[in-house]
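Worksheet for the structure shown next.
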There are 4 protein chains.
Amino acid sequence: MQYTGTAANIVRAAETLFAEQGFTETTVRQITARADVNLAAVNYHFGSKKGLIQAVAEKFLGPLCQNIEQVLDQRMAASDKTISLEELLEMLMRALLGVNQNNDHALSVFMRLLDLAYMKHQEDLRDFLIERYGSRVQTFIAMIRKDAAPMEDDEFFWRLHFLLGSITFTLSNFHTLNAIERREFESGAEVERILHRMIPVLTAGLQARADRVYFCRI
Amino acid sequence: MQYTGTAANIVRAAETLFAEQGFTETTVRQITARADVNLAAVNYHFGSKKGLIQAVAEKFLGPLCQNIEQVLDQRMAASDKTISLEELLEMLMRALLGVNQNNDHALSVFMRLLDLAYMKHQEDLRDFLIERYGSRVQTFIAMIRKDAAPMEDDEFFWRLHFLLGSITFTLSNFHTLNAIERREFESGAEVERILHRMIPVLTAGLQARADRVYFCRI
Amino acid sequence: MQYTGTAANIVRAAETLFAEQGFTETTVRQITARADVNLAAVNYHFGSKKGLIQAVAEKFLGPLCQNIEQVLDQRMAASDKTISLEELLEMLMRALLGVNQNNDHALSVFMRLLDLAYMKHQEDLRDFLIERYGSRVQTFIAMIRKDAAPMEDDEFFWRLHFLLGSITFTLSNFHTLNAIERREFESGAEVERILHRMIPVLTAGLQARADRVYFCRI
Amino acid sequence: MQYTGTAANIVRAAETLFAEQGFTETTVRQITARADVNLAAVNYHFGSKKGLIQAVAEKFLGPLCQNIEQVLDQRMAASDKTISLEELLEMLMRALLGVNQNNDHALSVFMRLLDLAYMKHQEDLRDFLIERYGSRVQTFIAMIRKDAAPMEDDEFFWRLHFLLGSITFTLSNFHTLNAIERREFESGAEVERILHRMIPVLTAGLQARADRVYFCRI
DNA sequence: AATGAATGAGGGTTCATTCAT
DNA sequence: AATGAATGAACCCTCATTCAT
């Protein structure tokens, strides 16, 4: 399951660089140079650069889903059937933190991958993720909806992506945002604090009533 | 101010491709092929690919800032000094819509640019944007804070970026999200409707109280 | 004969840049930018970059030949038929200085042109120069031979080019050499002084006896 | 130390083309085509075109300096401390010939490199050569001065460059000069003969007294 | 007489990938 | 299992030149 030796070095180097620069902007040369391995090693071990990206993705997505499912099962077994939004989001955040435990860049890469998956010509990646993790994610999303404000399907669809945007943007660019905060306020927050801060904000967003009238195009 | 002829064709083609694929993934050859102009035209008119990206950026940022400032001035002159969050966000959304009026991809490109600006090694772009538009944006942000829940500076800083993430993610990937919605719900929403839907969500997020205790790393 | 207006500006700018960087390394853009004229002006006035180079060449070669011929005629008319090498070389140096009078870079360009003419694939330039100035130069060379040491035709041919090398190298790179001298000896010599210094050296070289045995390839 | 395989083919092809056309005029595509290797091979093996030029330079400069130093040491050890100018120049010429032994174009390239090094904006190359070979050359130059006519430092500086000009010009353009000689005298001299012919000329030039009065600018 | 716009050709360089060893 | 050498394709950019005005 876990990579060892050369392959592990490559994955480690790739995570850092993907997190800092994005996937396209990171070259195989940069990765192998940082991992201190041969240039051909990426293709040897992962078939292609795309293969490496998927490997990096799976390394986190698997444990993440597993973690959430396990905690959810425990919670469901223990008591009643409805779980509050705050609690659900806290589960999610804890799971994300777990992913981050071994590598500071893991979360950034993961979020960047989600960003990438929503780009126009990335059907391949999108399908890969949906096929692998789609159904497991749906369960969790269904739980969230139960405690959100009542709303139409499409309204919920969009709100979910507002929420997803908050998470991916903040975590993709955590390094930069942290640096800015450090410069402006002379103290920077850790990932866990930011994740925690999101909970009330996202909760409020999902529970807000949507009763306003539309404005018209000028 | 507005480009004409070849330069305009280039900008138009670039907007579409940048919106669909991102900046790095889009090549000068793709742009000039789509614009049906010579390969060298990009360098002739914009100096470099980077120059073209900045040109595309300024085309929207200028009018956007101007629009917001103007509306804000009118509103301030007309009546009292405090403006509700909903109203402020509606101003913002209307201004964004205005930017989008002539080109469906304008907003996506603009949001992608913001995304790019937060990447680690993009200090150049970051500085360019701050120098050009920093102070004008600050004014608007200050207004927002007045009607947000009372909170520390750093808390506000992060919430602002949660909000920014929602906007950039949704608009960057509007094309894809719209396609998904269309497929799943057999009806797709226009940009303006999505922008409007954000208002109560973002408002609730900024006004939510932040009184919860931290959870600890597991 | 003399260029005016735009054409003159172009020639002036070209001389400087050709002198500093050589012909290939100097671009039409650099020339027109420095001359503060339109990019197309070079082609408009001189047909092509090559045409400009020839124009620059003729501007100096014409007066140079004329000057030498005139002085030579006066001297021949005035007195005896044999003129010393020193005197002939002094005529040449004075003529070169005359060429340099209006533009510090004229000599460098001229010498660089001679250098260029000896390159393998520059038959065009070679033929152009020979056709235009070949016979006039031959007369002067014949005078030189009269006061040189007695030697075979081929020996004289090579010595003449040793001499030519000294002149072209020193004057092509006068700017750099002057800067080095200035740095090392804290005083730099003017072109005229250098030209004068060459006379005894070149004279001695042409008058040296060539009576040594060959060495063998190791 | 010596290149093998593809790298050697590249160097060989580059030497010929550089000798014939100069550095700027020679394209990487020409080099790789002639060497019958992939276009990217130059960058793979030498980093850049500039890197290739330096590699070509070092291939000759190293052995050249070593050769001269070795011969000089032997000569110094064997007998008295003063060596005649003729003998010193013969050492130099033999060393140059040694460099030329394996490749007819080696000398031309080397001389063209020296020419290039004296151009205005080539400080990089100049510094590279000085740093690498400056001190070793100084020793030899000091020996030359001992048997030259007594003169001021600056006078010697210029005479040395008159001499350098003779050598670089003749050898840079040996191919062309040889062709001309062949056409005009129906027999061409080999490099070694030309090098030998230079010795008395250069010796006379360095030993000539510099006692003439200056002429004035007309 | 002069120019802004545009272009075809070609420049050096870099990419992910392959293959013989 | 791993690598040094090599490559085809594509990158952005710059060149001298042309053409309509």
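Here the structure is a predicted model, which is why all the values come from computation and not from measurement. Any value given below was found using the heavy atoms of this structure, including those in side chains, with hydrogens, waters and symmetry copies removed. Order of the sequence lines sets the chain letters (A, B, ...), proteins ahead of strands, with each chain counted from 1.
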Report task. May I ask which nucleotide in the shown strands pairs with dA6(F), Watson-Crick or G-U wobble, both distances under 3.5 Å? Result -> dT17(E)

Report task. Quick one: look up who dA1(E) pairs with, Watson-Crick or G-U, both distances under 3.5 Å, and put none if it's unpaired. Result -> none

Query raised in the report: Reading DNA chain F 5' to 3', which nucleotide is the first, and which the last, to come under 4.0 Å of any heavy atom in chain B?
Result: dC11(F) to dT14(F)

Query raised in the report: Could you go step by step and tell me if Ile53(A) and Phe46(A) meet the side chain to side chain contact (heavy atoms under 4.5 Å, CB included) rule?
Result: CA-CA 9 Å; Ile53(A) 294 176; Phe46(A) 302 96; over 6 Å; no

Query raised in the report: What distance separates Glu20(C) CD from Asn173(C) CG, expressed to the nearest 0.5 Å?
Result: 12.0 Å

Report summary line: Residue pair Ala40(C)/Ala41(D) against DNA chain F: nearer the 5' end by closest nucleotide is Ala41(D)

Query raised in the report: So how far is it from Gln21(D) CD to Met119(C) CE, rounded to the nearest 0.5 Å?
Result: 7.5 Å

Query raised in the report: Which distance, rounded to the nearest 0.5 Å, do you find between the CZ of Arg112(D) and the CZ of Phe23(D)?
Result: 7.5 Å

**Report entry** Close residues, residues 9-34 of chain C, relative to DNA chain E [heavy-atom separation under 4.0 Å]
**Finding:** none

Query raised in the report: Are the side chain of Thr176(D) and the backbone of Tyr118(C) linked by a donor-acceptor contact shorter than 3.5 Å?
Result: yes

Query raised in the report: Any donor and acceptor pair, going by atom type alone, linking the side chain of Thr26(C) with main-chain N or O of Leu17(C) inside 3.5 Å?
Result: yes

Query raised in the report: Does the pair Leu52(A) and Val28(A) meet the rule for a side chain to side chain contact (heavy atoms under 4.5 Å, CB included), with working shown?
Result: CA-CA 10 Å; Leu52(A) 172 57; Val28(A) 174; over 6 Å; no

Query raised in the report: For Ala106(C), does its backbone N or O pair with a side-chain atom of Lys59(C) as donor and acceptor, under 3.5 Å?
Result: no

Query raised in the report: In terms of the angle between their ring planes, are Tyr133(B) and Phe128(B) parallel, tilted or perpendicular, with boundaries placed at 30° and 60°?
Result: perpendicular

Report task. By nearest nucleotide on DNA chain E, pick out whichever of Val37(C) and Asn38(B) is the more 5' one. Result -> Val37(C)

Query - Residues within residues 42-54 of chain C bordering DNA chain E, heavy-atom distance below 4.0 Å - result: Tyr44(C), His45(C)

**Report entry** Derivation of the side chain to side chain contact (heavy atoms under 4.5 Å, CB included) call for Met111(D) and Leu114(D)
**Finding:** CA-CA 5 Å; Met111(D) 293 302 154; Leu114(D) 288 186; 4.2 Å; yes

